[in-house]
Enquirer: 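Next up is a structure, given as C-alpha cells.
The residues of the chain are indexed from 1 along the displayed sequence.
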Amino acid sequence: MADSTLEAIEKARLKVAQAKVRLQALEARASTLNRKADARRKIILGGLLLDAAMKDAEWEARLNELIERISRDQDRKAFAGWTFKGGTGDG
C-alpha cells in the first residue's frame, strides 16, 4: 500500500511539473503576442501621425513639439536631421 501511495505522489508531482512547464510556455506566448500587438499599434499610430503632419501644418507643429520632448539621447539620435517629406513647415 505504501508503495502505491508513493507512486501516486510521484505521478502527481510529475503532472504538476508538466503543468507548470505548459503554463510558463502559454504565458510566454501570451507575452510575445501582447508585445507584437503593442508594437503594431505603435507603428500604425506613428504612420497616421506622420501622414497627418505631412498634410497639415498644425499636426506638423504638434509632432515637432512631441519630438522636442524626447529625453533619451539614443531616441533623439533617430530624429537627428530628420524632416517630414512633403511637409508644409520647416519640420
Side-chain angles (χ1 to χ4, degrees):
M1 175 101 164
D3 285 344
S4 65
T5 302
L6 290 176
E7 286 177 21
I9 290 171
E10 280 306 310
K11 274 184 154 180
R13 283 187 176 144
L14 180 61
K15 285 184 178 183
V16 167
Q18 290 171 338
K20 284 182 180 180
V21 168
R22 282 194 307 273
L23 176 61
Q24 288 174 341
L26 288 170
E27 287 175 337
R29 175 145 173 79
S31 179
T32 298
L33 291 174
N34 286 335
R35 280 193 312 273
K36 285 182 178 183
D38 186 52
R40 180 164 170 74
R41 284 188 295 267
K42 288 175 182 176
I43 290 167
I44 292 168
L45 184 57
L48 290 169
L49 287 170
L50 291 173
D51 185 57
M54 286 188 274
K55 294 176 180 176
D56 185 316
E58 283 188 43
W59 277 98
E60 182 180 2
R62 296 289 181 247
L63 197 51
N64 281 328
E65 289 174 15
L66 290 174
I67 292 169
E68 289 297 318
R69 292 184 187 180
I70 296 172
S71 59
R72 290 177 33 172
D73 286 338
Q74 64 193 36
D75 294 340
R76 280 182 156 291
K77 287 179 184 177
F79 292 95
W82 183 76
T83 60
F84 296 103
K85 293 178 182 153
T88 56
D90 61 352

Enquirer: Check side-chain hydrogen bond (donor to acceptor under 3.5 Å, both in side chains) between Asp75 and all other residues, then give those that pass, not counting sequence neighbours.
Expert: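 Counting only residues at least two positions away or on another chain, Asp75 forms a side-chain hydrogen bond (donor to acceptor under 3.5 Å, both in side chains) with Arg72.
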Enquirer: Which heavy-atom pair separates Arg76 from Glu68 by the least distance, and what is that distance?
Expert: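 Scanning both residues completely, I find the closest heavy atoms to be NH2-O, 3.1 Å.
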Enquirer: Under 4.5 Å between side-chain heavy atoms, hopping through other hydrophobics if needed: is there a path connecting Leu63 to Phe79?
Expert: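 Looking at the clustering, Phe79 is in the same group as Leu63.
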Enquirer: Following the transitive rule for hydrophobic clusters with a side-chain heavy-atom cut-off under 4.5 Å over Ile, Leu, Val, Met, Phe, Trp and Tyr, establish whether Leu48 and Trp59 coincide in one cluster.
Expert: no
Enquirer: What's the separation between atom CG in Leu45 and atom CG in Leu50, rounded to the nearest 0.5 Å?
Expert: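 Reported to 0.5 Å precision, the distance equals 9.5 Å.
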Enquirer: Is there any side-chain hydrogen bond (donor to acceptor under 3.5 Å, both in side chains) pair reaching into residues 12-21, and which pairs are they, with sequence neighbours excluded?
Expert: Glu10-Arg13
Enquirer: Scan residues 25-39 for pairs that pass side-chain hydrogen bond (donor to acceptor under 3.5 Å, both in side chains), counting only residues two or more places apart or in two chains.
Expert: Ser31-Arg35, Thr32-Arg35, Asp38-Lys42
Enquirer: Under a single-linkage definition using a 4.5 Å side-chain heavy-atom cutoff for Ile, Leu, Val, Met, Phe, Trp and Tyr, are Met54 and Trp82 assigned to the same hydrophobic cluster?
Expert: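 Looking at the clustering, Trp82 is in the same group as Met54.
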Enquirer: For Ile43, enumerate each residue passing the side chain to side chain contact (heavy atoms under 4.5 Å, CB included) test, keeping only those at least two apart in sequence or located in another chain.
Expert: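 Ile43 satisfies side chain to side chain contact (heavy atoms under 4.5 Å, CB included) with no other residue.
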Enquirer: For Glu65, give me all partners under salt bridge (Lys or Arg N to Asp or Glu O under 4.0 Å), at least two apart in sequence or on another chain.
Expert: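 Per chain and number, Glu65 pairs via salt bridge (Lys or Arg N to Asp or Glu O under 4.0 Å) with Arg62.
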Enquirer: Are Leu26 and Leu33 connected in the hydrophobic side-chain network, where two residues link if heavy atoms are under 4.5 Å apart?
Expert: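 Unlinked, Leu26 and Leu33 end up in two clusters.
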Enquirer: Is a donor on one side and an acceptor on the other found under 3.5 Å between the side chain of Asn64 and the backbone of Glu60?
Expert: yes
Enquirer: Each residue besides Val21 in its hydrophobic cluster should be listed here, by chain and number; the cluster joins Ile, Leu, Val, Met, Phe, Trp and Tyr at side-chain heavy-atom distances under 4.5 Å.
Expert: none
